[in-house]
Structure formats: structure tokens, C-alpha cells
Amino acid sequence: MTQSKGKKPLIVMKFGGSSVGNTERMKCVGALVDEHAKQAEVVVVVSAMGGVTDMLIRAANEASKGDREHWKGARQELARRHRAVADQLLTPAEQAAVLPRLAEQLTNFENLCSGFTLVREVTPRAMDTLSSLGEVMSATLLAAILRSMGRAAEAIDATQLIVTDDNFGSASPIFEETNAKTHQGLSAIRKKGAIPVVTGFRGATREGICTTLGRGGSDYSGTIVGGALEADEVWIWTDVDGVMSADPRLVPAARIIPEISYREAIELSFFGAKVLHPKTIQPVMKKKIPVWIKNSFNPTCPGTKIVAAPTDRTPGVKAITSVSNADLITMSGKESLSFPRLATRVFNGLHLEDVSTLMATQSSADNVLCFAIHDADLARVKARLGKTFELEMLHEYVGRLEVMPKIAIVVAIGENMKGTPGLAGRAFSALGRRGINIIAIAQGSSELSISFAVKSADVKEAVKAIHEEFQL
Ligand code: ADP
Ligand code: ASP
Ligand code: MG
């Protein structure tokens, strides 16, 4: 580990929902932080207890339909789960300090839900305040657990540290301001020698309105804080031994990858590997801060190190990932509408809707553009492109938007695939042998990944086939 002379290394440790899912897990996390705080300066970033964010979002949605009973039940469940941790892991003095703060958060929950029921609506802005309450409760608890163990620790709300734009539900940090505010906001706690416990997932606009960084965004919070503090390392603690050669739920034979590059990690997370939020690497990439993925259930396992340039340069495929809920859209124009013009207007439409494509292929001769998007974006894309090409469609200069639903994109990733001939052919044959039809294929000139579109129903088999072919 790199560290400045005579100083303890600074490690930002992010704990995911499964790592803090119940009293026993919280206790283990307290012990892990305590142990590492002996050799390093630790800053903690924590997610909500597992399942809590889902529960909060569901409660808000049910409330907006006028159902009071649902959120009242959810309030009880939230109180029960957080109280159980406080009852079992906190000293009486800490309980006395923390229970009123948890009650305050539950009152906020109740007031917000009650408002949603009255107006029969939940806006993205209000949803962010509500859906990230779980992180406020878990950070409050974890700091109190550490204090109950004799470690100085203070919970701090990331709305005080991370400054974002106002894209509620998927906000982006404004890095210059975030870096300065995070430094400043944590300096008093760090100077006292206390461990800051930062809420993951949330930030705030310049005006102080709470935002969230997107589902699974606490990973991103971890590297935002790590980047701002110029930490020596960021450790992301989760429930698997590291980044694996495939999603272990799809391929039980998947194995841990000891080291991967930033680019490979970005590609993996963009194409659905849930182990990392897609934006996680961005804040640490330029500063070359290594990110470790570690298992809080198996802490002696070293995990995966994500770095700028891994030492292992073995050529070939390193991992397979997939996105299951996609649609393939085809747009075709007549000769009078040049392909570049068609493509420019389609992609501009996607840009205006903030939609990214999972893969895109073209056939300039036929003026056909084909691209895949997440199913969740389909309605917006249809509406936007329908409007953009309204006249052209009316006069049949552009064909109707054709949608092939229930598509999966299977992606083989490896920075060292570049210059290795025959990889696409092997993947093709492996899929062919299992009778899996390939609907579209795309490979970037960077040769970092090859993507195959297959039917959703074939995704598990396709991932397994390619995994087996490359003996991952
Ligand atoms: P956390 O609660 O710690 O944020 P997540 O559930 O968000 O954890 O992410 C961890 C999960 O990601 C694992 O349990 C695993 O099922 C899934 N996953 C998907 N693809 C991969 C992969 N390539 N390597 C490791 N885990 C993966
Ligand atoms: N709790 C948030 C979620 O479930 C953020 C996270 O866990 O990373 O999406
Ligand atoms: Mg996660």
C-alpha cells in the first residue's frame, strides 16, 4: 500500500447493505473497522441495512396510491429492525443518545408518506429524501456501535459533503465543490482522531436539497469520498469474495479475479455486474487510487484489486457479464435521409432523454440503425423518437420504430483481448453448439469487449457457454 512517510495510510471503507443487514452483521462490521483502525486511518461510508431502500421506495409508491396501511406497516418494520441493533449492540448511554435520533428519522418517514397519501403523488425530489433515510439510520447506528466498542466515531450526513446537480434519482457530483466540502466537513472529526461514518447513496444540491446517486450508489459515494480525501485506497466490502469471472448467481463455477483494470471494471459494471455501481471508478481513476472489492463475510480473503494497469497481462477474455432486460430498436431511413443525419437525430434524442445505448450497429447501405437500450428507458425513447421523426414517419421517409423486446446483451470483457484473433469466432461457435441464436453482435475498436444480443430466455445458457469456452 502506498502511504506518505510516517503517516498512517488513509482507507475509505464502504459497507454495502448485505454487510450491515442485521445485528450480527453490524457487529462484524464494527469489529472489522476497529481492527483496521489500528493500522490505518479509516473513513467509513455505509449503505442502508439490506432491503431497507426497497422497503422505503415501495412505501412511498403505495402511499402515493392512497394506501396508508402499507407505510404504517413499513414504519413498524423499520423501527423493529433498527431498534434490534440498538438494543443488542449499544451501551445504555449510546441507546439514550441514538434512539431519539432514530425516532426522528421515523417521524420524517411518516410525515413524508402521509404527505404522499394526501397529494397522491411522489415527486423524484421527495423520493430522494425518503429513499435515502435508511443510510441516515444505518450511519447513526454504526457510529454508535463503534463508540460502544470504545472507538471515537461520528456519523455525518453526506448532504453536508457531496454537492450534486439536481438530477433527482441519479444525481452527478460537482467534483470541485464536493472535494472541498468533503475535506472541510470531515476535517474536525478526523483531527479529533474519530472515525467519520458517512451516509452512502445521498448528496445534496447547492441549495441543500437531498439527492441520490442512483440505486446501488453507495459504491460511488465511497470513491467520491476516497477521491476527495486523496485516500491511499478505497475498500468496498460486499457479500462475495471479489469481482468474479461471471455473476455467481448465473454461473456457480465463476472464480475470483485477483486484479482487474479500471477500464475492465467500468465495462463490467456498465453491463450489469451489480458488484459495482457503474460510476464507481470515475472519481479515483485520474488519481490512480486502487479500489479493493472484499467480502465482509470472509474478510481473510484478499479480494479483487482494481488498478490502472494490472500486472497480469495474460491475453484473452477475463469476465462475462450480461444485461437481461433490454430491447433492440431498429430505425430505417429512405435514401433521401442520409445515414449520418438519421443517426445524429436518433442519438441526439437519446441524449436529450439521458439514455445510454448498450450496443449499436449500423448498415449504411440500407440506412438502418439498430441499437439496444434498457427496457426501463423504452417508453421515453419511443415517445422522444416518435416526436423527433413525426413528419418523416408520416411521409414515410423514415420507417416506423421497430422494437424487439425481451433481449439480453451478453458481454465478454478483457483488456488483453486486443490483438488476440479468433475470440469472437470461439464465442460464436460456443453459442451455436448450444443452439443459441445471436441477434446482433458489436465490438468496439478498442477491443475491450464483444457484445452479443440474444433472447432474454437464453441469457443464462449464453453466459455459461462463453464462460466455459474461455475456461474462466
Ligand atoms: P452490496 O449490498 O454490498 O452493495 P450488491 O448486491 O450490490 O452488494 O453487489 C454484490 C452482488 O453482485 C453479489 O452478491 C453478486 O451476486 C453480484 N454480482 C454480479 N456480477 C458479479 C461479478 N461479476 N462478480 C461478483 N459479484 C457479482
Ligand atoms: N441503499 C441504496 C440502494 O439500495 C444504495 C446502495 O446500497 O448502494 O440502492
Ligand atoms: Mg451494491
Side-chain angles (χ1 to χ4, degrees), residues 13-22 25 28-29 32 45-58 78 127-128 130-139 158 162 169-171 198-203 211-225 235-258 260 264-280 291-298 301 303-304 306 317-324 410-414 459-460 463 466-467 472:
M13 291 193 181
K14 176 262 171 177
F15 292 92
S18 53
S19 296
V20 292
N22 55 35
R25 298 308 313 151
C28 290
V29 166
L32 272 175
V45 174
V46 69
S47 294
M49 292 177 77
V52 163
T53 312
D54 286 342
M55 202 190 292
L56 292 167
I57 293 173
R58 168 117 197 261
L78 289 167
M127 181 63 106
D128 277 2
L130 186 98
S131 66
S132 58
L133 285 181
E135 273 71 10
V136 181
M137 293 195 276
S138 62
I162 297 177
S170 184
V198 183
T199 56
F201 191 38
R202 45 174 25 205
T211 54
T212 63
L213 305 172
R215 290 308 306 270
S218 298
D219 299 331
Y220 195 21
S221 311
T223 53
I224 292 169
V225 172
W235 292 10
I236 296 183
W237 291 95
T238 182
D239 62 353
V240 279
D241 281 341
V243 176
M244 311 194 73
S245 53
D247 184 341
R249 287 166 302 185
L250 290 183
V251 184
R255 58 160 197 89
I256 311 163
I257 309 172
I260 62 167
E264 288 166 335
I266 292 170
E267 203 81 355
L268 263 169
S269 55
F270 179 79
F271 287 109
K274 198 186 166 218
V275 66
L276 273 184
H277 182 276
K279 295 182 188 164
T280 308
V291 177
W292 284 87
I293 309 296
K294 287 175 176 281
N295 191 351
S296 72
F297 293 74
N298 183 19
C301 176
T304 297
I306 310 175
V317 177
K318 222 166 187 178
I320 316 289
T321 184
S322 60
V323 176
S324 297
V410 176
V411 190
I413 292 164
V459 66
K460 195 168 175 180
V463 171
I466 302 180
H467 195 267
L472 300 179

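Model, not experiment: these values are computed from the prediction. Note that ligands are numbered from 1 as they come in the structure, with each ligand's atoms numbered from 1 the same way.
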| query | Looking at D219 and K14, does any basic side-chain N land under 4.0 Å from a carboxylate oxygen? | reply | yes
| query | Would you say M244 has any N or O atom under 3.5 Å from an N or O of ligand 1, going by distance alone? | reply | yes
| query | Applying a strict 4.0 Å limit to heavy atoms, is G216 in contact with ligand 1? | reply | no
| field | Donor-acceptor side-chain pairing of H467 and S245 below 3.5 angstrom | value | yes
| said: Please report whether ligand 1 has a polar contact with S245, defined as an N or O pair separated by less than 3.5 Å (distance criterion only). | reply: no
| message | Closer than 3.5 angstrom, by distance alone: can the side chain of S221 be matched with the main-chain N or O of F201 as a donor-acceptor pair? | response | yes
Can you pull every nitrogen or oxygen pair between ligand 2 and the protein closer than 3.5 angstrom?
| residue | atom | partner | partner atom | Å |
| --- | --- | --- | --- | --- |
| ligand 2 | 1 (N) | T53 | OG1 | 2.7 |
| ligand 2 | 1 (N) | E135 | OE2 | 2.6 |
| ligand 2 | 4 (O) | T53 | OG1 | 3.3 |
| ligand 2 | 4 (O) | R215 | NH2 | 2.9 |
| ligand 2 | 7 (O) | S47 | OG | 3.3 |
| ligand 2 | 8 (O) | G216 | O | 3.3 |
| ligand 2 | 8 (O) | G217 | N | 3.4 |
| ligand 2 | 8 (O) | S218 | N | 3.0 |
| ligand 2 | 8 (O) | S218 | OG | 3.2 |
| ligand 2 | 9 (O) | R215 | NE | 2.7 |
| ligand 2 | 9 (O) | R215 | NH2 | 3.4 |
| ligand 2 | 9 (O) | G216 | N | 2.8 |

| said: Below 4.0 Å from ligand 1: does a non-hydrogen atom of A319 turn up there or not? | reply: no
| Does R25 pair with D239 as a salt bridge, N-O distance under 4.0 Å? | no
| task | Would you check whether S18 reaches within less than 4.0 Å of ligand 1, judged by its heavy atoms? | result | yes
| Within reach of ligand 1, part of R249 (heavy-atom separation under 4.0 Å) | side chain
| task | Tell me, please: is R255 in heavy-atom contact with ligand 1, that is, under 4.0 Å? | result | no
